[in-house]
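Okay, so here's the structure we're looking at.
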Amino acid sequence: MKTKNNMAADAAERDAAGTAEDNNTAVSALGGKQEILKGKPAPKGNRMYLGPSITGTVRHGTVFQDGVLPEKVQQCVRQLPVMERLFVGAEGMPEAVRELRRDQSMLRAVYVRVEAYFNAIASKTGENLQEG
């Protein structure tokens with residue numbers, strides 16, 4: 001029987017290889033939205049990234065003023081749209097941090113999926129995409 005972490009890693013490997021279902025389906029399965037990717041404006045106010053650090057792109061805990069993401073970060077979100085859920089506004093920060101700590105939460109599942117996805121890419125390219 002596979003654990004959720006193993007299933008997330010398997011899905012990430014398929015995504016990285018381009019053999020998984022499209023990201024829209026993955027986002028729907030996790031209850032995510034693709035508002036920014038569908039041409040809607042980014043949310044107003046500062047947002048903090050609560051996902052895993054990705055070397056040369058984004059670090060856990062980085063705050064983005066007015067919700068504006070740098071191009072490298074936008075590229076990552078385009079590759080894995082569910083990652084957008086890990087950018088949280090100040091008003092939602094306390095609940096998001098509590099949710100990340102719960103093993104069976106949606107936000108934790110997204111975190112694990114993003115981590116597995118970029119680890120799979122790193123293992124294929126031989127690069128170290130995860131920061132310590």
Side-chain angles (χ1 to χ4, degrees):
M1 177 180 214
K2 289 189 175 191
T3 65
K4 287 188 179 188
N5 288 347
N6 288 343
M7 290 187 312
D10 290 346
E13 287 178 23
R14 286 191 308 270
D15 286 348
T19 60
E21 70 276 3
D22 71 301
N23 281 328
N24 290 333
T25 304
V27 170
S28 296
L30 291 172
K33 297 180 181 176
Q34 292 182 309
E35 294 167 350
I36 289 180
L37 299 176
K38 290 183 178 179
K40 294 182 182 176
K44 300 280 186 204
N46 296 342
R47 295 190 297 162
M48 180 181 281
Y49 175 64
L50 296 179
S53 295
I54 303 168
T55 302
T57 304
V58 63
R59 292 184 62 109
H60 176 85
T62 301
V63 175
F64 297 94
Q65 291 186 348
D66 298 323
V68 177
L69 304 178
E71 182 57 34
K72 280 185 169 183
V73 177
Q74 288 179 31
Q75 287 174 356
C76 287
V77 173
R78 283 192 292 272
Q79 286 178 348
L80 192 64
V82 73
M83 183 178 177
E84 178 65 29
R85 293 192 57 144
L86 295 171
F87 295 90
V88 179
E91 69 285 345
M93 188 63 59
E95 176 57 32
V97 170
R98 282 192 296 273
E99 187 177 345
L100 269 174
R101 291 182 183 151
R102 288 193 313 263
D103 286 338
Q104 301 300 317
S105 73
M106 181 61 65
L107 203 55
R108 183 68 184 170
V110 171
Y111 183 102
V112 169
R113 169 96 189 242
V114 169
E115 185 173 50
Y117 179 83
F118 287 103
N119 281 338
I121 290 174
S123 69
K124 284 187 174 285
T125 63
E127 295 178 28
N128 180 17
L129 295 180
Q130 293 288 314
E131 293 180 334

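Judged purely by atom type and a 3.5 angstrom limit, Asp66 has no side-chain atom pairing as donor or acceptor with the backbone of Gly45. Without hydrogens or angle criteria, Glu115 side chain to Pro52 main chain gives no donor-acceptor distance under 3.5 Å. In this structure, Arg47 contributes its side chain and Gly67 its backbone to a donor-acceptor pair below 3.5 Å. With hydrogens and angles ignored, the 3.5 Å screen pairs a side-chain donor or acceptor of Ser53 with a backbone N or O of His60.
Side chains of Glu84 and Leu69 form a contact here, defined as non-hydrogen atoms less than 4.5 Å apart. Counting heavy atoms from C-beta outward, Val77 and Phe87 have side chains that approach closer than 4.5 Å. The shortest side-chain heavy-atom distance between Glu99 and Met106 falls under the 4.5 Å cut-off.
Here the straight-line distance linking atom CE of Met83 with atom CZ of Arg113 works out to 12.5 Å at 0.5 Å rounding. Gln74 CD to Lys72 NZ: the interatomic distance, rounded to the nearest 0.5 Å, is 13.5 Å. With rounding to the nearest 0.5 Å, the separation of CD1 in Ile54 from OH in Tyr49 is 4.0 Å. Distance check, rounded to the nearest 0.5 Å: CG of Leu100 to CD of Glu95 gives 10.0 Å. In this structure, OH in Tyr117 is found 8.5 Å from SG in Cys76, a value given to the nearest 0.5 Å.
By the side-chain hydrogen bond (donor to acceptor under 3.5 Å, both in side chains) test, Gln65 pairs with no residue at all, sequence neighbours left out.
Taking each heavy atom of Tyr111 and Gly51 in turn, the nearest pair found is CE1-C, 3.4 Å. Nearest approach of Arg108 to Asp103, heavy atoms of both residues: CG-O, 3.9 Å.
More than 12 heavy atoms of other residues, nucleotides or ligands sit less than 6.0 Å from atom CZ of Arg102.
Residue Val88 is tested with Leu50, Val97, Asn46 for a side chain to side chain contact (heavy atoms under 4.5 Å, CB included); the sole match is Leu50.
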Could you walk me through whether Val63 and Met48 pass the side chain to side chain contact (heavy atoms under 4.5 Å, CB included) test, one step at a time? CA-CA 4 Å; Val63 175; Met48 180 181 281; 3.6 Å; yes
